[in-house]
Engineer: 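Quick one: this structure, given as structure tokens, is what I'll be asking you about.
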Amino acid sequence: MLHRACAIDLVTFCKDVPPGDGRRLKCLLRFKEQGKAKFDPKCFEMLNTRTQLFAKASKVKRSSQKSSRKLSTGISEPFFITTPIFYVNAEPHIGHIYTAVLADSSARFHRLIGRNPVKFSTGTDEHGLKIQQAASHGNKEPSQFCDHVSGLFKTALNKCEISYTDYIRTTETRHKENVNSFWNILSEKGYIYKGKYEGWYCTADEAFVAEDQTTLVKWPNGEEQRVSQESNRPVEWFSEENYLFKLSQLKEELKHWLRSGPVIRPLRHYNLVKSWLDQELVDLSISRPSTRLSWGIPVPDDSSQTIYVWLDALLNYMTVAKHSQPHMNIWPPSVHVIGKDILKFHAIYWPAFLLAAGMEPPKSLLVHGHWLVDDQKMSKTTGNVVSPQSCIDLVTATGLRYFLMHEGVPASDGNFSMTRLVRIANSDLADGIGNLVSRCCGKNLNPLQSRLGVSPSSFESCGAPGSDLLSLLERTPDVVYNEFQQWNFYKGIDQIMALVRGANGFFQTMEPWKLKKEGQLDQLNATMAVTMETARVVGTLLQPIVPSYSERLLDKLGVPRENRSWDFARLRWTTTETPLGAQQAVLFPRIKSD
Ligand code: MSP
């Protein structure tokens with residue numbers, strides 16, 4: 001008997017709750033947390049399916065902690081990372097590209113450190129009122145409209161070297177099938193009921209907004225309008241029959257998920273979600289009458305209703321997992337990268353849907369701030385969007401990626417400026433790293449066009465400048481590893497650039513052109529070897545941020561492809577001499593700008 005094996009009496013504590021009901025688990029956990037109960041893991045397993053899932057989740061967590069410590073020893077574990085899927089009501093802007101580059105840098109980093117497989121999904125969110133209206137304003141059939149804009153996103157992501165493994169569109173058959181079967185699971189488990197929904201709806205955000213979260217604003221023309229306080233976008237009053245999801249019943253389980261580890265980063269977003277869960281959680285409307293919303297997936301067995309676009313959209317992550325090989329082995333997602341505007345959908349609705357269906361919620365969410373222009377969020381509605389293509393034309397995709405990762409601090413908003421974009425690309429990519437590489441690969445000081453082996457004596461023979469650079473070179477890879485793991489790409493880049501400055505300073509101090517003139521060949525060779533070794537480490541560390549630039553750098557230094565993983569980011573002693581690549585040494589031509 002469950003309650004006999006446990007030190008707590010479930011019959012007393014859960015007397016109104018039948019066996020198999022998730023609330024028994026909540027009860028059990030509450031008592032365990034309060035230290036009042038000890039219980040046998042066997043009871044825990046027997047309680048219900050969801051209990052087993054939690055047990056499995058904590059096992060997975062424990063093993064992931066162990067294996068991340070062992071990563072450098074080659075133990076591998078799947079890593080499933082996602083971007084949000086982009087609304088196709090408007091063309092891509094650099095806010096979207098930021099989300100994608102952030103996720104891509106992390107995916108590339110995890111590949112380099114040996115996670116396997118790394119699955120990385122992105123795509124487009126194509127249903128809902130917002131898209132229906134955008135298509136009709138453009139006098140296009142919704143499907144034609146979606147094909148076009150989804151194509152624009154795909155092209156922009158490809159140009160920005162986003163290494164996704166699946167590009168999902170919510171209009172695909174595989175996705176519709178998944179949404180249908182998931183709806184049926186929720187329904188069978190008793191989480192869906194028909195009711196009347198009355199309240200405010202914001203079409204621009206595709207979100208229901210509580211009355212106290214709205215304000216009346218007066219526009220300059222004297223007209224009054226009610227808007228969502230969060231997004232400042234207009235809301236409309238809806239009163240209609242639809243299906244509701246019993247969100248209110250999942251509060252305790254959501255709290256439990258939140259307590260299970262650092263599931264939401266940065267901390268202030270975690271705290272925000274915690275505060276939401278301390279307030280009342282009301283049931284969520286998950287369908288709209290198809291007379292109002294026709295562009296979407298019909299409710300199974302009731303075509304008079306269309307499934308709410310956020311339920312449809314969030315399920316994209318599961319569609320991808322179901323279609324990965326082997327089936328679902330990458331579940332749950334390691335991390336969903338999202339902007340702060342869509343936190344509630346990912347931190348409340350999404351885990352609630354999954355818990356209700358008896359599935360594991362995501363392991364973590366990484367929440368980033370917004371790119372602003374003149375202190376306003378970049379958006380089509382505000383009319384202040386910066387197109388990725390205009391940036392690529394100016395500084396190439398490498399320059400854009402570098403700028404976004406160098407300037408983007410996930411915990412805060414960033415201000416976008418074309419002047420700064422050019423300045424940063426020039427100073428770091430063309431001058432800092434570019435100079436380092438062209439100095440040691442130039443024919444003048446390197447007539448044999450080779451990369452010399454490097455040993456402790458190379459550094460010793462360069463005196464104090466050599467030992468200073470050596471200690472920087474020894475420290476940097478571990479510091480960068482930790483910063484990249486913690487999503488502080490900007491800090492990792494700062495460390496790499498400090499190494500670049502160190503190496504350029506070393507080169508300047510050693511004056512190899514004088515050593516050559518004076519015939520001090522040993523010291524000249526040592527100077528060149530040490531500088532090239534530093535450039536190799538820099539190129540290896542920068543791969544997640546600027547992949548094609550790093551590739552050119554490593555190709556130029558003649559680094560074999562199989563020697564580019566994170567293990568090779570450390571200083572390596574070798575006596576082997578390697579021929580340089582034949583390509584020109586200019587990695588990033590300086591940009592002239594008015
Ligand atoms: N379709 C939803 C997501 C559904 S995911 C199941 C959506 N789409 S969106 O196109 O509006 O936004 C996609 C991503 O771009 C979000 O993470 C959003 O935060 C991000 N950005 C949109 N504008 C942004 C900025 N100005 N700055 C940074 N990122 C921003 O929301």
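Counting starts at 1 for both ligands and their atoms, following the listed order.
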Engineer: Do you know which of Leu400, Leu404, Val337 makes side chain to side chain contact (heavy atoms under 4.5 Å, CB included) with Tyr98?
Structural biologist: Leu404
Engineer: Any nitrogen or oxygen of Met378, side chain or backbone, less than 3.5 Å from one on ligand 1?
Structural biologist: yes
Engineer: Check each atom of ligand 1 against the heavy atoms of Asp341 and keep those under 4.0 Å away; list them by number with element.
Structural biologist: 18 (C), 19 (O)
Engineer: Side chain or backbone, does Gly95 bring an N or O within less than 3.5 Å of an N or O on ligand 1?
Structural biologist: yes
Engineer: Can you confirm whether or not the ring centre of Tyr243 sits under 6.0 Å from the ring centre of Trp183?
Structural biologist: yes
Engineer: Among all protein heavy atoms in this structure, tell me which lies nearest to atom 3 (C) of ligand 1, with the distance rounded to 0.1 Å.
Structural biologist: Ile85 O, 3.2 Å
Engineer: If you take the nearest heavy atom of each of His93, His96, His370, which one is closest to atom 23 (N) of ligand 1?
Structural biologist: His93
Engineer: Starting from atom 8 (N) of ligand 1, which protein heavy atom do you reach first, and at what distance in Å?
Structural biologist: Tyr87 CD1, 3.3 Å
Engineer: Any Lys/Arg nitrogen of Lys176 or Glu126 sitting under 4.0 Å from an Asp/Glu carboxylate oxygen of the other?
Structural biologist: no
Engineer: Could you tell me whether Asp125 and ligand 1 have an N or O pair separated by under 3.5 Å?
Structural biologist: yes
Engineer: Hey, is Asn316 touching ligand 1 through its side chain, its backbone, both or neither, going by heavy atoms under 4.0 Å?
Structural biologist: side chain
Engineer: Return yes when Ala90 approaches ligand 1 closer than 4.0 angstrom through a heavy atom, no otherwise.
Structural biologist: no
Engineer: Show me which atoms of ligand 1 lie under 4.0 Å from any heavy atom of Ile342.
Structural biologist: 16 (C), 17 (O), 31 (O)
Engineer: Just let me know how Phe345 lines up against ligand 1, side chain, backbone, both or neither, with a heavy-atom cut-off below 4.0 Å.
Structural biologist: neither
Engineer: Give yes if a backbone or side-chain nitrogen or oxygen of Trp371 is under 3.5 Å from a nitrogen or oxygen of ligand 1, and no if not.
Structural biologist: yes
